[in-house]
Amino acid sequence: IAFTPGMNPPVLSHEFVIQNHADIVSCVAMVFLLGLMFEVTSKAAVLFITVQYNETAVNHFHHGIKDLATVFFYMLVAIILHAIIQEYVLDKINRKMHFSKTKHSKFNESGQLGVFYLFSFGWGTSILLNEHFLSNPVNLWEGYPHLLMPFQMKFFYICQLGYWLHALPELYFQKTKKEDIPRQLVYISLYLVHIAGAYVLNMNRLGLVLLVLHYFVELVFHISRLVYFSNESRQTGFTVWAVLFVLGRLLTLSLSVLTVGFGLATSEQQGFDMAAGNFNVLLVRITVLAAICLSQAFMMWKFINFQLRRWREQRQTLTLKKKQAPAKSKSKKEKTNGVNGVTSNGADSPRVKKEKSS
């Protein structure tokens, strides 16, 4: 029997998985939590749920292969939270606003990312303030390699990797259009490469500062887009975002060159030692700077294209309004002339002819 919207989809079919993916993932996550209750499985369950590689002497953590299990678990948590926000917040707003299909998908995207950027920006800023990275920028490169991280910083990176990994299966769960998939794959890959690179290369302090800066700019954009969907005349937020976007790119490049190009280059800890977590060699520094510069150039190119497209659309809208304005004024003039007893060609109106004949 062919599946119709009014029927329940067959078990384990694509439609069934999409409709119930949050419940399925919740059951998988519950298996790991239940594993903590039994001695036989507790050691394996701990790998997925708790942060690994604790240095008990200083209560700090380093990274390792076991982190992949923890990232996987928090990827499941991100999928569950994504579904909760979608069902209990965004879907309810969508039903009230009656958005078109295009606006519907963009509203969902901005709603999900807006919540994530707001949470990550607040969390990352609190870590920067607690660790005094902002008050003394020298800490970004001094004492490299930064092998040990406080709990909050390590957990922040674990959650970041888990979130951006969860975005890959969400392309399937959210039935993303084929034409939108390449764009989303590009920015998901950029996030994963940069976050994982900063984490593995022990440049976690620089990575944290750049993430907080980038998330703030992106937060402004998605809030502006949500405001625009509620009222299309409110576009001031996009202007603020455009200024912050350019400043963000300049600050990102400046901090990267200062930290990697000058700070690490003049550091006493030179050399490649994987066991000690030291990757301070010329090749690695050039690769890191090249990756950051290329990503910033790519973002600026997308930004310029976006602004040009927006400017053309506004110009077309203004041209249409100018064309419609003379037509309206002309019709008003003809109507006025008809009332005064003269038609547009100079002849008397029917009302005046009737008065003359009488």
Side-chain angles (χ1 to χ4, degrees), residues 21 25 47-48 51-53 61-82 109-110 112-121 123-124 127 146 149 152-174 176 180-219 221-222 248-249 252-253 255-256 259-260 277 279 284 287-303:
H21 73 272
V25 172
L47 292 176
F48 290 88
V51 178
Q52 302 297 308
Y53 302 107
F61 298 78
H62 59 89
H63 62 75
I65 194 67
K66 293 179 182 178
D67 290 336
L68 293 176
T70 314
V71 169
F72 174 77
F73 177 78
Y74 286 98
M75 179 190 74
L76 301 180
V77 173
I79 293 175
I80 297 169
L81 293 176
H82 186 114
E109 181 184 11
S110 289
Q112 293 286 351
L113 289 174
V115 172
F116 169 72
Y117 288 139
L118 178 62
F119 175 75
S120 297
F121 171 72
W123 188 8
I127 297 173
H146 306 133
M149 295 171 280
Q152 287 294 333
M153 182 182 287
K154 169 145 186 176
F155 193 43
F156 178 84
Y157 271 98
I158 293 291
C159 291
Q160 294 298 310
L161 291 170
Y163 180 86
W164 290 111
L165 278 175
H166 112 281
L168 295 173
E170 284 295 342
L171 296 176
Y172 170 70
F173 295 145
Q174 299 298 320
T176 306
D180 292 337
I181 290 178
R183 174 183 65 85
Q184 298 204 26
L185 283 176
V186 167
Y187 80 72
I188 291 170
S189 301
L190 285 173
Y191 276 114
L192 288 173
V193 168
H194 284 74
I195 294 172
Y199 186 67
V200 172
L201 296 176
N202 295 314
M203 297 180 184
N204 39 68
R205 297 181 182 180
L206 175 63
L208 178 62
V209 173
L210 297 184
L211 270 180
V212 169
L213 175 62
H214 177 74
Y215 283 170
F216 174 71
V217 177
E218 291 298 296
L219 174 63
F221 171 74
H222 287 288
R249 305 288 70 78
T252 298
L253 290 173
L255 284 172
S256 301
T259 303
V260 181
F279 301 94
V284 174
T287 303
V288 169
L289 279 177
I292 294 174
C293 291
L294 287 173
S295 63
Q296 299 308 302
F298 173 75
M299 292 169 67
M300 277 300 300
W301 177 70
K302 298 287 287 184
F303 171 78

Original post:
Could you go step by step and tell me if Lys154 and Tyr53 meet the side chain to side chain contact (heavy atoms under 4.5 Å, CB included) rule?
Top reply: CA-CA 10 Å; Lys154 169 145 186 176; Tyr53 302 107; 3.8 Å; yes
Original post:
Can you list the steps and then say if Asn202 with His62 is a side chain to side chain donor-acceptor pair (under 3.5 Å)?
Top reply: CA-CA 9 Å; Asn202 295 314; His62 59 89; over 6 Å; no
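- At least one side-chain heavy atom of Leu210 sits less than 4.5 Å from a side-chain heavy atom of Ser256.
- Closest heavy-atom contact between Leu201 and Val284: CD1-CG1, 4.3 Å.
- Using cut-offs of 30° and 60° for the angle between ring planes, the Tyr117 and His214 rings count as perpendicular.
- Minimum heavy-atom separation, Ala198 to Gly207: CB-CA, 4.0 Å.
- Here the shortest heavy-atom pairing between Ser110 and His222 reads OG-ND1, 3.1 Å.
- Checking Asp67 against Tyr199 by side-chain atom types alone, a donor-acceptor pair falls below 3.5 Å.
- Taken from CG in Leu213 to CG in Leu208, the straight-line distance is 11.0 Å, to the nearest 0.5 Å.
- The aromatic rings of Phe216 and Phe121 sit tilted, their planes meeting at an angle between 30° and 60°.
- Taken to the nearest 0.5 Å, the OG1 atom of Thr176 stands 5.0 Å off from the CD atom of Gln184.
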**OP:** Verify side chain to side chain contact (heavy atoms under 4.5 Å, CB included) between Phe48 and Leu76, making sure each step is shown before the conclusion.
**Re:** CA-CA 11 Å; Phe48 290 88; Leu76 301 180; over 6 Å; no
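- Separating the CG atom in Asp180 from the CG atom in Leu185 is a distance of 11.0 Å, to the nearest 0.5 Å.
- Side chain of Thr70 to main chain of Leu47: a donor-acceptor pair is present (N/O by atom type, distance under 3.5 Å, no hydrogens or angles).
- Although no hydrogens or angles enter the test, the distance criterion places a donor-acceptor pair under 3.5 Å between the side chain of Gln112 and the main chain of His82.
- Distance check: Phe72 CZ to Ile158 CD1 gives 14.0 Å after rounding to the nearest 0.5 Å.
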**OP:** Give the C-alpha distance, both sets of side-chain angles, the deciding distance and a yes or no for side chain to side chain contact (heavy atoms under 4.5 Å, CB included) between Val212 and Ile127.
**Re:** CA-CA 10 Å; Val212 169; Ile127 297 173; over 6 Å; no
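- Side-chain contact between Leu165 and Ile188: absent, with no pair of heavy atoms (C-beta onward) separated by less than 4.5 Å.
- Taking the six-membered ring for Trp and thresholds of 30 and 60 degrees, Tyr163 and His166 have ring planes inclined between 30 and 60 degrees apart.
- In terms of heavy atoms, Gly162 sits closest to Ala78 at O-CB, 4.3 Å.
- Taking the six-membered ring where tryptophan is involved, the planes of Phe155 and Trp123 are perpendicular, since the angle between them exceeds 60° and thus also 30°.
- Under the 4.5 Å side-chain criterion, counting only non-hydrogen atoms from C-beta, Tyr187 is in contact with Trp164.
- Side-chain atoms of Gln160 and Phe116, non-hydrogen and from C-beta on, do get closer than 4.5 Å to each other.
- With a 4.5 Å cut-off on side-chain heavy atoms, Phe303 and Arg249 do not count as touching.
- Annotation: the span from Ile292 atom CD1 to Thr287 atom OG1 amounts to 11.0 Å, rounded to 0.5 Å.
- Scanning all heavy atoms of the two residues, the minimum distance from Tyr157 to Asn204 falls at OH-O, 2.6 Å.
- Between Met203 atom CE and Phe279 atom CZ the span is 9.0 Å, to the nearest 0.5 Å.
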